[in-house]
Amino acid sequence: ISPEFGGKGADDVTRREYTELMASACGVTAFTQQQLHAGGGFVGGGRNEALRREKLPLFASGQELCGVAFSHLRRSGPPMVRAERVDGGYRVSGTAPWVTGWGLLDSFILGAMRLPQEDHIYFYVPKAGNEAGLKPGPRIPLVVMNASDTVEVTLDDLFLPDEYVLSERPPEALKRGDYCGISGHVFLPLGGARGSVHYLRALAEKRSNETFAHAAEELTREIDACRHEALTWSGACADQADYKEHALHARTAAIVLAVRAAHATVTATGGGAHLLTMPPQRLLREAIFYTTTAQTPDVQNGTLDMLLSPECWNQE
């Protein structure tokens, strides 16, 4: 959020470094914060100037927390969330299967298929005053990130006035955003890998184990190389011929690296790693979570290719 609205105006590199640092300490905190960051980004990037001026200062000061409702607009078939035009706004119905931080949020961003146009429309949705049209289910029992308070929300003939419309976009815009953002999602798994390295180094010092220390150094080298490639091949390079190859390599290498680094902590810890209270258990489950975060078919296929490769990072 820009200083004009009370924010810090952090650039992309700073935000990515922050994400990596947060994920190295606590994955659920980093993930939940990202959802709040995305909520502010939708309002800040929308065409609704009145809403921007009203809400961005509240987001920047922490007086209001705005998250994101996932409505799976990328999926084929009948839309999960539908918006139909009525006098003064839209009637919205359907199911948003993933809304993170429900108990924390004051509002959230909702995407829907607008009918009959079949384009995408995005709304700012305050919880207060819309209780009748918003029906949250129980907390979804997740293997990890359970403290994120993620729920499914049913939208029951919810009326959203025109002043809550943020933007309308063709479906192609979502595909373009996915393409430009391939390497932007590297920093959660890299943070998880960094957290594993911190643990390995502490364990190496505690046990005076040179093998553990060597593993930590080798993993650090891979983290640094992956981070460099991700920053080099950011969305700003999306129109270059080699962009997709390099961005996908950075993204999939980060995913597999997070799992490998966490697996190393399990190996070094031994049988105690099977206790739910031990950090290696959490680190490995967080790494698995990052495997499917913001997954597209290209990322899915690239990750499977990387998993079948004899090396997850080839410097030659």
I'd like to know if the side chain of Asp149 reaches the main chain of Gly103, judged simply by a donor and an acceptor atom lying under 3.5 Å from each other, with no hydrogens or angles considered. yes
Value for OG (Ser107) from NZ (Lys127), rounded to nearest 0.5 Å, stands at 9.0 Å
Transitive ILVMFWY side-chain link Ile109 to Val92, under 4.5 Å: yes
Is a donor on one side and an acceptor on the other found under 3.5 Å between the side chain of Asp156 and the backbone of Gly133? no
Check whether any side-chain heavy atom of Ile288 sits under 4.5 Å from a side-chain heavy atom of Val144, and report yes or no. no
Between Glu4 and Arg53, does at least one N-O distance fall below 4.0 Å, as a salt bridge requires? yes
Taking the ring of Tyr164 and the ring of Tyr124, is the distance between their centroids below 6.0 Å? yes
Could you tell me if Glu152 and Thr95 have a donor-acceptor pair between their side chains, going purely by distance under 3.5 Å? no
Identify the heavy atoms of Ala60 and Ile1 that sit nearest to each other, and give their distance. N-CD1, 3.8 Å
Decide whether Val99 and Leu36 are clustered together by the hydrophobic rule: side chain heavy atoms of Ile, Leu, Val, Met, Phe, Trp, Tyr closer than 4.5 Å, transitively. yes
Rounded to the nearest 0.5 Å, how far does SG of Cys226 lie from NE2 of His249? 8.0 Å
Indicate yes or no: does Arg114 engage Glu84 in a salt bridge with an N to O separation below 4.0 Å. no
Leu105 and Cys66, any side-chain heavy atoms less than 4.5 Å apart: no
Decide whether Trp102 and Leu104 are clustered together by the hydrophobic rule: side chain heavy atoms of Ile, Leu, Val, Met, Phe, Trp, Tyr closer than 4.5 Å, transitively. yes
Is a side-chain N or O of Thr265 found less than 3.5 angstrom from the main chain of Ser196, in a donor-acceptor match? no
Quick one: sort the Tyr179 and Tyr243 rings into parallel, tilted or perpendicular, breaks at 30° and 60°. perpendicular
Would you say that Tyr290 contacts Phe31 through its side chain, given a criterion of any heavy-atom pair below 4.5 Å between the two side chains? no
Centre of Tyr90's six-membered ring, under 6.0 Å away, within 45 degrees of the axis: is that where NZ or CZ of Arg85 sits? yes
For a side chain to side chain contact (heavy atoms under 4.5 Å, CB included) check, start with the C-alpha distance between Leu110 and Leu155, then their side-chain angles and the critical distance, and finish with the verdict. CA-CA 10 Å; Leu110 175 69; Leu155 308 151; 3.9 Å; yes
Between atom OG1 of Thr252 and atom CG of Leu304, what is the distance when rounded to the nearest 0.5 Å? 10.0 Å
Point-to-point distance, once rounded to the nearest 0.5 Å, from CD of Glu229 to CZ of Arg251: 13.5 Å
State whether the number of non-hydrogen atoms from other residues, nucleotides or ligands found under 6.0 Å of Glu131 atom CD is greater than 12. yes
Which atoms form the tightest heavy-atom contact between Gly39 and Val68, and what is the distance? N-CG2, 3.7 Å
Would you say the ring centroid of Phe59 lies under 6.0 angstrom from that of Phe5? no
Is the closest side-chain heavy-atom distance between Asp298 and Ile182 below 4.5 Å? no
Would you say Ser234's side chain and Ala230's backbone share a donor-acceptor pair under 3.5 angstrom? no
Salt bridge flag under 4.0 Å for residues Arg227 and Asp224: yes
Expected output: side-chain Ser61 to main-chain Leu58 donor-acceptor under 3.5 Å: yes
Below 4.0 angstrom, N of the basic side chain to O of the carboxylate: do Glu172 and Lys175 qualify? no
Starting from the C-alpha separation in whole Å, work towards a yes-or-no answer on side chain to side chain contact (heavy atoms under 4.5 Å, CB included) for Val165 and Asn48. CA-CA 7 Å; Val165 174; Asn48 192 324; 5.5 Å; no
Between His185 and Gly181, what is the shortest heavy-atom contact and its length? CD2-O, 3.2 Å
Any chance you could measure Leu231, atom CG, to Glu17, atom CD, to the nearest 0.5 Å? 9.5 Å
For Val28 against Ala147, the heavy-atom pair lying closest together: CG2-C, 3.9 Å
Same apolar cluster: Ile140 and Phe108, side chain cutoff 4.5 Å: no
Does any non-hydrogen side-chain atom of Met80 lie less than 4.5 Å from one of Pro97? yes
So is Arg207 actually on top of Phe212's ring, under 6.0 Å and inside 45° of the axis? no
Less than 4.0 angstrom from a charged side-chain N to a carboxylate O is my criterion; do Asp239 and Lys244 meet it? no
Contact summary for Glu168 and Asp119, nearest pair of heavy atoms: CB-OD2, 4.3 Å
Please check this pair: side chain of Thr14 against backbone of Ala10, looking for a donor-acceptor N/O pair closer than 3.5 Å. no
Report the distance from atom CG of Leu190 to atom CD of Glu222, rounding to the nearest 0.5 Å. 11.0 Å
Under a 3.5 Å distance rule, please check whether Arg91 uses its side chain to pair with a backbone N or O of Asp157 as donor and acceptor. yes
Heavy atoms from other residues, nucleotides or ligands near CD of Glu205 exceed 12 (cutoff 6.0 Å): no
Indicate whether any N or O donor in one side chain lies under 3.5 Å from an N or O acceptor in the other, for Thr150 and Thr100. yes
State, to 0.1 Å, how close Pro79 and Met113 come at their nearest heavy-atom pair, and which atoms those are. CB-CB, 3.5 Å
Would you check if Asn209 and Leu203 make a side-chain contact, meaning some heavy-atom pair closer than 4.5 Å? no
Using the rule that Ile, Leu, Val, Met, Phe, Trp and Tyr join whenever any side-chain heavy atoms are under 4.5 Å apart, tell me whether Val259 and Val197 fall into a single cluster. no
Taking NZ, NE, NH1 and NH2 as the nitrogens, is one of them in Arg282 or Glu286 under 4.0 Å from a carboxylate oxygen of the other? yes
Is there a side-chain contact between His120 and Leu174, using heavy atoms and a 4.5 Å cut-off? yes
In sequence, state the C-alpha distance, the side-chain angles, and the governing distance for Gln34 and Phe187, and then conclude on side chain to side chain contact (heavy atoms under 4.5 Å, CB included). CA-CA 11 Å; Gln34 274 218 332; Phe187 298 90; over 6 Å; no
Any side-chain heavy-atom pair of Tyr18 and Val13 under 4.5 Å: no
Should the ring pair Trp233 and His246 be called parallel, tilted or perpendicular, given that the plane angle runs from 0 to 90° and is split at 30 and 60? parallel
Passes side chain to side chain contact (heavy atoms under 4.5 Å, CB included), Arg15 versus His37? Steps please. CA-CA 10 Å; Arg15 291 199 299 270; His37 173 76; 3.3 Å; yes
Can you tell me if CD on Glu210 sees more than 12 non-hydrogen neighbours from other groups inside 6.0 Å? no
